[in-house]
Amino acid sequence: MTFKEKVFNIVKGIPEGETLTYKEVAKRAGSPNAYRAVGSILGTNYDSNIPCHRVLRSDGGVGGYNRGIENKKKILKKEGALA
DNA sequence: CATTTGACGCCAA
DNA sequence: TTTGGCGCCAAAT
């Protein structure tokens, strides 16, 4: 189980309507300060099976999204995770 | 194999 | 309070 696999598993385990920060995901992955790696992994290796749109920034910002940031916000709002 | 990038986060000014 | 700069880990090139 590599770091990115853990990250994928964690993000995949995020319930609908819930949102985690990159830092939280990294922390659960085993490296609390690898939040950079989390973004890198998701950014370069995006998977359709993974609801990475539920991963937001610590500031409460949406962060980014390969499919389009607007689409991500739309999904979050639709799920009720975003105000 | 070494260097740069990358969807971030925190500290300082 | 807002803007700028530095630091971090892992993957990709």
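Only this structure's heavy atoms are used, side chains among them; waters, hydrogens and symmetry mates stay out. Residue numbering restarts at 1 for every chain, and letters A, B, ... go by the order of the sequence lines.
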side-chain contact (heavy atoms from CB on, under 4.5 Å) for A/Leu56 and A/Leu20? Distances and angles first, verdict last. CA-CA 6 Å; A/Leu56 310 181; A/Leu20 283 177; over 6 Å; no
Tell me if the NZ atom of A/Lys27 is crowded by more than 12 foreign heavy atoms within 6.0 Å. no
With a 3.5 angstrom cut-off on both distances, give the Watson-Crick or G-U wobble partner of C/dG4, or none if there isn't one. B/dC11
Pairing partner of C/dC9 (Watson-Crick or G-U wobble, both distances under 3.5 Å):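 The base-pairing partner of C/dC9, which may sit in any strand shown, is B/dG6.
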Quick check: does any side chain N or O of A/Arg54 sit under 3.5 Å from a backbone N or O of A/Glu18, one acting as donor and the other as acceptor? no
Using modelled atom types only, decide if a donor and an acceptor are shared between the side chain of A/Lys72 and the backbone of A/Gly64 within a distance under 3.5 Å.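 Judged by distance alone, yes, a pair lies under 3.5 Å.
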N or O in side chain of A/Lys23 less than 4.0 angstrom from B/dC10 OP1/OP2: yes
Is the phosphate of C/dA10 approached by A/Arg36 (side-chain N or O, under 4.0 Å from OP1 or OP2)?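 Result: no.
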Over how many whole Å does the gap from [X] atom [atom1] to [N] atom [atom2] extend?
X       : N      : atom1 : atom2 : answer
A/Lys27 : C/dA10 : NZ    : C1'   : 20 Å
A/Ile50 : B/dA7  : CD1   : P     : 17 Å
A/Asn45 : C/dC9  : CG    : C1'   : 16 Å
A/Tyr35 : C/dA11 : OH    : P     : 17 Å
A/Tyr22 : C/dC8  : OH    : P     : 21 Å
A/Leu20 : B/dG9  : CG    : P     : 12 Å
A/Asn33 : B/dC8  : CG    : P     : 16 Å
A/Lys6  : C/dA11 : NZ    : C1'   : 16 Å

Starting at the 5' end of DNA chain B and moving along, which residue's nearest nucleotide shows up first, A/Ser40 or A/Leu56?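 Closest to the 5' end, via its nearest nucleotide, is A/Ser40.
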Could you work out which one of [options] sits closest to the side chain of [X]?
X       : options              : result
A/Cys52 : B/dG9, C/dA10, B/dA7 : B/dA7
A/Ile41 : B/dG9, C/dC8, C/dA11 : C/dA11
A/Ser31 : C/dA10, B/dA7, B/dC8 : C/dA10
A/Ala34 : C/dA11, C/dC9, B/dC8 : C/dC9
A/Thr21 : B/dA7, B/dG9, C/dC9  : B/dG9

Establish whether the base of B/dA7 is bridged to the side chain of A/Tyr65 by a donor-acceptor pair shorter than 3.5 Å.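 For A/Tyr65, whose side chain was compared with the base of B/dA7, there is no donor-acceptor pair (under 3.5 Å).
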Test log, rule side-chain hydrogen bond (donor to acceptor under 3.5 Å, both in side chains), inputs A/Glu5 and A/Thr2: CA-CA 5 Å; A/Glu5 286 182 89; A/Thr2 67; 3.3 Å; yes
